[in-house]
Amino acid sequence: MLFVSICSLILWKNSVFSRVKSYELIGEFQSINGLLLNAVVKYRGYPVGRVTNIQPKPDKIEVVFFIDKAYAIPKGSTVKIIFDGLVGEKYMEIIPNPNTKDVYLSGDVLIGYSTAGLSDFIDVGTQNLLELKSILNTMASVFGNEKISFALQEVIFSMQ
């Protein structure tokens, strides 16, 4: 009984049952910005699959994911990586192409892109604060020097 339970848990955790009723697609990205294995794949906001493999290549990153066979993804659709809220995880969202009736088949490739998430803005803000601190330290060392301070006072008094 314990053996059956463990086997069932392993099969469930690895999404084996879902993969039997699905097909595999590949997203090609320049950057995946923290996307993880087993991340959710959504189509029109509804979860339809999971990421199964991430393969870095010299010129791109391939993200392999499966989609439930009940959902036909139109050719020309794109996939993007989205950050889910403040403390949420990243997931993939398929943006459908409404201008075709042709659909992707197993093994087809979708063009992917990554959106700027909150963490990207925090990184930029942190970098700006560090640069501002450096500028202020330089200004403090310049204005803290008595000779430079006296020379600046002389310039200001002479301008009046």
Side-chain angles (χ1 to χ4, degrees), residues 1-140:
M1 180 68 174
L2 180 62
F3 178 72
V4 172
S5 297
I6 291 173
C7 287
S8 297
L9 180 63
I10 290 171
L11 291 174
W12 173 72
K13 187 65 178 162
N14 289 319
S15 305
V16 171
F17 299 121
S18 297
R19 290 182 197 181
V20 169
K21 302 180 299 179
S22 64
Y23 60 102
E24 197 171 77
L25 294 175
I26 301 167
E28 288 185 349
F29 296 87
Q30 292 301 311
S31 169
I32 59 171
N33 293 337
L35 183 73
L36 300 173
L37 285 176
N38 212 29
V40 173
V41 178
K42 294 183 179 182
Y43 180 65
R44 299 181 184 249
Y46 185 77
V48 295
R50 292 234 177 233
V51 172
T52 58
N53 195 2
I54 298 174
Q55 301 171 353
K57 306 280 181 167
D59 59 337
K60 63 188 170 197
I61 299 175
E62 290 183 353
V63 177
V64 180
F65 57 98
F66 69 87
I67 301 292
D68 188 307
K69 284 184 181 177
Y71 304 98
I73 308 301
K75 283 204 174 199
S77 298
T78 58
V79 63
K80 69 179 179 177
I81 298 171
I82 298 177
F83 188 75
D84 190 16
L86 268 176
V87 293
E89 295 181 359
K90 293 196 175 190
Y91 67 92
M92 290 179 29
E93 176 76 32
I94 298 172
I95 310 302
N97 175 13
N99 301 323
T100 185
K101 299 288 184 205
D102 296 332
V103 295
Y104 284 113
L105 303 174
S106 189
D108 284 347
V109 176
L110 287 83
I111 300 301
Y113 58 97
S114 189
T115 59
L118 181 61
S119 61
D120 299 323
F121 292 117
I122 291 171
D123 289 343
V124 169
T126 302
Q127 186 63 37
N128 287 342
L129 287 175
L130 292 173
E131 289 175 15
L132 178 61
K133 181 180 178 183
S134 174
I135 291 168
L136 291 175
N137 285 337
T138 303
M139 289 178 68

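Numbers here are sequence positions counted from 1.
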Please name all residues satisfying side-chain hydrogen bond (donor to acceptor under 3.5 Å, both in side chains) with T78, sequence neighbours left out, ordered by chain then number.
-> none
Heavy-atom closest contact (D102 atom, T100 atom, distance) = N-OG1, 3.1 Å
With rounding to the nearest 0.5 Å, note down the distance linking CD1 in I81 to OH in Y113.
-> 11.0 Å
Qualifying residues under side-chain contact (heavy atoms from CB on, under 4.5 Å), relative to L37, sequence neighbours excluded = V51, I54
Quick one: pull up CE in M92 and CD1 in I32 and give me the separation to the nearest 0.5 Å.
-> 9.5 Å
Of all residues at least two apart in sequence or in a different chain, which pass the side-chain contact (heavy atoms from CB on, under 4.5 Å) check with P47?
-> V40
Could you list the residues that satisfy side-chain contact (heavy atoms from CB on, under 4.5 Å) with S106, not counting sequence neighbours?
-> Y23, E24
With sequence neighbours excluded, tell me which residues meet side-chain contact (heavy atoms from CB on, under 4.5 Å) with D108.
-> L25, K75, Y104, L105
Distance (rounded to the nearest 0.5 Å) between I67 CD1 and S22 OG = 8.5 Å
What heavy-atom pair brings P96 and P98 nearest, and what distance separates the two atoms?
-> O-CD, 3.4 Å
Nearest heavy-atom neighbours spanning V103 and A72 = CG1-CB, 3.6 Å
Taking only residues two or more places apart in sequence, or in another chain, which ones meet K60 in a salt bridge (charged side-chain N to carboxylate O under 4.0 Å, His left out)?
-> E28, E62
When rounded to the nearest 0.5 Å, the distance separating CD of E93 from CD1 of I95 is 5.0 Å
Between CD1 on residue I94 and OH on residue Y43, distance to nearest 0.5 Å = 7.5 Å
Check side-chain hydrogen bond (donor to acceptor under 3.5 Å, both in side chains) between Q55 and all other residues, then give those that pass, not counting sequence neighbours.
-> none
Find out whether F66 and V41 are in side-chain contact, i.e. whether some heavy atom of one side chain is under 4.5 Å from a heavy atom of the other.
-> no
First locate atom CG of N38, then atom CG of N53, and finally report the distance between them rounded to the nearest 0.5 Å.
-> 12.0 Å
